[in-house]
Protein chains: 2
Amino acid sequence: MSKTPTPSGGFGPSIQALDPWTPSAGRMRQLLTDDERARLAVMSTIVRFKKGEIIYQEGDRADAVFNLNSGIVTTYSKAPRGREHVVAFLLADDLFGLSAEGLYTNSTRALTAVTAYRLPVAALRSRLTKDAELEFHIMCKLCQELRQARHHAFLLSQRSAVTKLAMFLQLFEQLQIAKGEPASEIHLPMDRSDIGEYTGITLAAVSRGFRTLTIRGIIKVRDRHHVRIVDRSGFEKITGDPPQSPTQLVEAGRN
Amino acid sequence: MSKTPTPSGGFGPSIQALDPWTPSAGRMRQLLTDDERARLAVMSTIVRFKKGEIIYQEGDRADAVFNLNSGIVTTYSKAPRGREHVVAFLLADDLFGLSAEGLYTNSTRALTAVTAYRLPVAALRSRLTKDAELEFHIMCKLCQELRQARHHAFLLSQRSAVTKLAMFLQLFEQLQIAKGEPASEIHLPMDRSDIGEYTGITLAAVSRGFRTLTIRGIIKVRDRHHVRIVDRSGFEKITGDPPQSPTQLVEAGRN
DNA sequence: CGGCCGGTTGAGTACAATCAATTCTGGTGG
DNA sequence: CCACCAGAATTGATTGTACTCAACCGGCCG
């Protein structure tokens with residue numbers, strides 16, 4: 001039980017997040033005990049989706065919550081003028097199926113082939129109200145999702161397209177680190193238009209953004225889905241994020 | 001203490017939200033039982049803040065969570081180039097004090113005079129892991145905050161400044177409705193620059209936005225803090241929000 | 001009365017959206 | 001293996017919107 005090769009490691013639903021209250025150096029940890037995973041496993045079914053398949057749509061009756069096991073999922077919603085807004089990219093060990101008043105608040109689609117645990121809300125709910133420990137762990141995950149949503153909003157509040165793009169790259173880099181994967185190269189499983197819909201800029205602007213970052217010698221694009229940051233300090237100048245050193249923030253007001 | 005016009009009614013911490021799983025026609029309800037409120041009350045202290053006072057800052061040790069009793073609070077974070085990004089406006093019955101790895105993830109400031117319950121995390125945490133019922137209610141509130149954060153991101157992803165502004169007005173209108181307050185006129189407690197920092201546009205753009213909406217006959221600005229929507233369909237054309245009455249939502253849920 | 005703060009308005013500019021043409025890439029079948 | 005194709009991505013030219021900077025307004029308070 002010491003070594004966990006896959007992030008999940010073992011069987012049953014799996015949830016990873018940063019603990020809201022104890023330091024962990026940016027690394028996520030498994031929130032569920034083996035016991036809890038087993039208890040969740042008995043109430044869940046495994047579901048599979050093909051690449052591009054829609055898992056549920058906004059407004060559908062929300063009778064299940066999902067725990068992503070493998071693959072990538074996007075949750076999105078319709079925006080005026082036929083555009084789509086990507087709410088989040090879901091990775092392994094994420095939870096999705098948020099609802100309000102009994103209806104899903106977003107649609108979700110499999111970006112790759114996907115396997116997930118499907119947890120009926122009725123069963124989950126009755127389990128939760130009996131098992132405070134488990135519920136606490138799920139609450140931690142919700143806190144994490146909340147932080148991510150707010151980070152997304154922060155990203156979207158930036159004016160410059162390249163800043164948004166850089167922050168997006170930073171997000172995925174941090175995600176890889178948090179998952180314990182090698183982070184020398186950033187893996188972007190989605191395509192350019194998905195990035196555009198997440199960052200709130202057009203496909204064309206995403207492309208131009210990658211180009212300007214490349215020309216400025218800040219990143220190196222190996223292929224569509226792999227980017228490396230070659231000028232870290234230039235990169236941080238754009239994201240405005242000197243890693244965790246508040247003292248430097250004072251000088252950051254330049255340019 | 002003078003009178004209790006507060007939607008809370010009664011004593012002790014109070015939490016309102018839309019239930020994620022049961023329909024409620026857009027109205028929030030009190031999530032906590034009197035009993036739970038009493039239990040939370042014993043572990044909490046009442047704190048007061050003057051207008052403009054900072055409640056905590058990003059990076060501070062997060063040893064307490066707050067439950068807003070009266071007044072308005074903003075949570076914000078620093079953006080590049082000395083700008084500030086408003087993460088959320090908190091109203092009565094809201095919960096705040098989100099942390100990651102033991103540190104607050106944002107700063108908060110009292111926008112008006114404020115009273116709040118201060119709940120030490122240690123006590124709260126040990127209470128929660130014993131009381132699944134209470135914890136469930138807090139989880140519901142977290143779901144609500146998550147939805148709001150995502151709505152904020154959605155707002156920020158809009159390209160047009162007037163659209164953002166209209167969606168902002170819509171947000172506060174719905175909030176008033178959810179709280180059971182009269183909604184014929186929208187009350188905006190914050191000033192123009194706060195609106196700008198929330199919607200991701202400049203102070204000047206906010207001003208122009210109000211002007212164009214007024215000129216187009218869509219809204220009527222009584223004073224700095226009071227707006228009325230006079231052309232509903234024109235308004236909805238801008239927000240792109242086909243009037244989703246609760247009844248229609250239910251039908252949308254049927255596959 | 002004068003200064004200050006929050007807000008409005010104006011002129012010029014920069015940046016990203018748009019529309020459109022072109023290239024690149026990966027996959028398929030001949 | 002290559003030719004071909006379709007979709008993804010890049011690039012170009014043009015336009016429009018919102019930012020910037022700055023002047024100005026009006027209420028409020030000393």
Side-chain angles (χ1 to χ4, degrees), chain A residues 50-52 74 79-86 111-113 155-169 188-216 219-227 238 253-255, chain B residues 51-52 74 79-86 109 111-112 155-168 188-216 219-227 238 240:
Chain A
K50 290 188 283 292
K51 171 173 171 161
T74 61
R81 208 172 143 195
R83 291 207 335 273
E84 259 181 24
H85 167 68
V86 170
L111 213 74
T112 65
L155 185 159
L156 288 166
S157 79
Q158 303 303 315
R159 289 145 199 199
S160 150
V162 296
T163 305
K164 289 182 188 174
L165 200 54
M167 287 181 67
F168 176 79
L169 293 175
L188 305 170
M190 73 296 292
D191 61 24
R192 296 283 182 269
S193 68
D194 290 319
I195 295 176
E197 282 160 12
Y198 184 85
T199 54
I201 60 184
T202 56
L203 171 61
V206 173
S207 185
R208 284 186 238 273
F210 274 116
R211 192 162 68 98
T212 52
L213 284 174
T214 304
I215 287 171
R216 288 203 226 161
I219 63 169
K220 195 132 218 169
V221 182
R222 177 154 71 81
D223 65 40
R224 284 177 182 181
H225 300 294
H226 296 273
V227 175
I238 292 172
R254 197 66 240 142
N255 187 23
Chain B
K51 172 174 171 157
T74 62
R81 193 151 161 211
R83 292 208 335 272
E84 259 181 24
H85 166 68
V86 170
R109 185 179 45 219
L111 214 74
T112 65
L155 185 158
L156 288 165
S157 79
Q158 302 303 314
R159 276 123 222 241
S160 151
V162 296
T163 304
K164 288 181 189 174
L165 199 54
M167 286 181 69
F168 176 78
L188 304 171
M190 73 295 293
D191 61 25
R192 296 284 182 266
S193 68
D194 290 320
I195 296 177
E197 281 160 12
Y198 183 85
T199 54
I201 60 185
T202 56
L203 172 60
V206 172
S207 185
R208 284 186 240 271
F210 274 115
R211 192 163 65 99
T212 52
L213 284 173
T214 306
I215 288 171
R216 286 203 227 161
I219 64 169
K220 196 132 218 168
V221 182
R222 176 153 71 83
D223 65 41
R224 313 219 136 141
H225 300 293
H226 296 273
V227 175
I238 291 171

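Letters A, B, ... mirror the listed sequences (proteins, then strands); counts begin at 1.
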From CG of B/L203 across to C1' of D/dA18 the rounded distance in Å is 13 Å
From NZ of A/K51 across to P of D/dG7 the rounded distance in Å is 13 Å
When rounded to whole Å, the CZ to P distance for the pair A/F210 and D/dA9 reads 10 Å
Whole-Å distance, A/E197 CD to D/dA8 P, equals 11 Å
A/R83 (side chain) and C/dT18 (base): donor-acceptor pair under 3.5 Å: no
For D/dC19, take OP1 and OP2 only and decide whether either is under 4.0 Å from a side-chain N or O of B/T202.
yes
Of C/dA17, D/dC19, C/dG7, the nucleotide closest to the side chain of B/R159 is C/dA17
**Prompt:** Does A/R192 reach the main-chain N or O of A/A204 with its side chain, forming a donor-acceptor pair under 3.5 Å?
**Reply:** no
Separation of C/dT8 atom C1' from B/I215 atom CD1, nearest Å, is 12 Å
DNA chain C nearest-nucleotide lookup for A/A205 and B/D194: closer to the 5′ end is B/D194
Per atom distances to the B/D191 side chain, the nearest of D/dT20, C/dG7, C/dC24 is C/dG7
- Item | Test side chain to side chain contact (heavy atoms under 4.5 Å, CB included) applied to A/I195 and A/F210, step by step | CA-CA 11 Å; A/I195 295 176; A/F210 274 116; 4.3 Å; yes
Pair B/Y198-B/M190, side chain to side chain contact (heavy atoms under 4.5 Å, CB included): steps then yes or no
CA-CA 10 Å; B/Y198 183 85; B/M190 73 295 293; over 6 Å; no
Can a donor-acceptor pair under 3.5 Å be found between the side-chain atoms of A/R208 and the base atoms of D/dG12?
yes
Taken to the nearest whole Å, CZ/A/R81 to P/D/dG16 is 13 Å
Testing D/dT20, D/dT10, C/dT18 for proximity to the side chain of A/R192, the answer is D/dT10
The nucleotide from D/dG7, C/dT18, D/dC21 with an atom nearest the side chain of A/R224 is D/dG7
| request: Please state whether the phosphate of D/dA18, meaning OP1 or OP2, lies under 4.0 angstrom from any side-chain nitrogen or oxygen of B/S160. | output: yes
When rounded to whole Å, the CD1 to P distance for the pair B/I238 and D/dT17 reads 13 Å
Rounded to the nearest 0.5 angstrom, the CG-CD distance for A/D194 and A/E84 is 8.5 Å
When you measure from the side chain of B/R83 to the backbone N and O of A/Q158, does any donor-acceptor pair fall under 3.5 Å?
no
When rounded to whole Å, the CD1 to C1' distance for the pair B/I201 and D/dT17 reads 12 Å
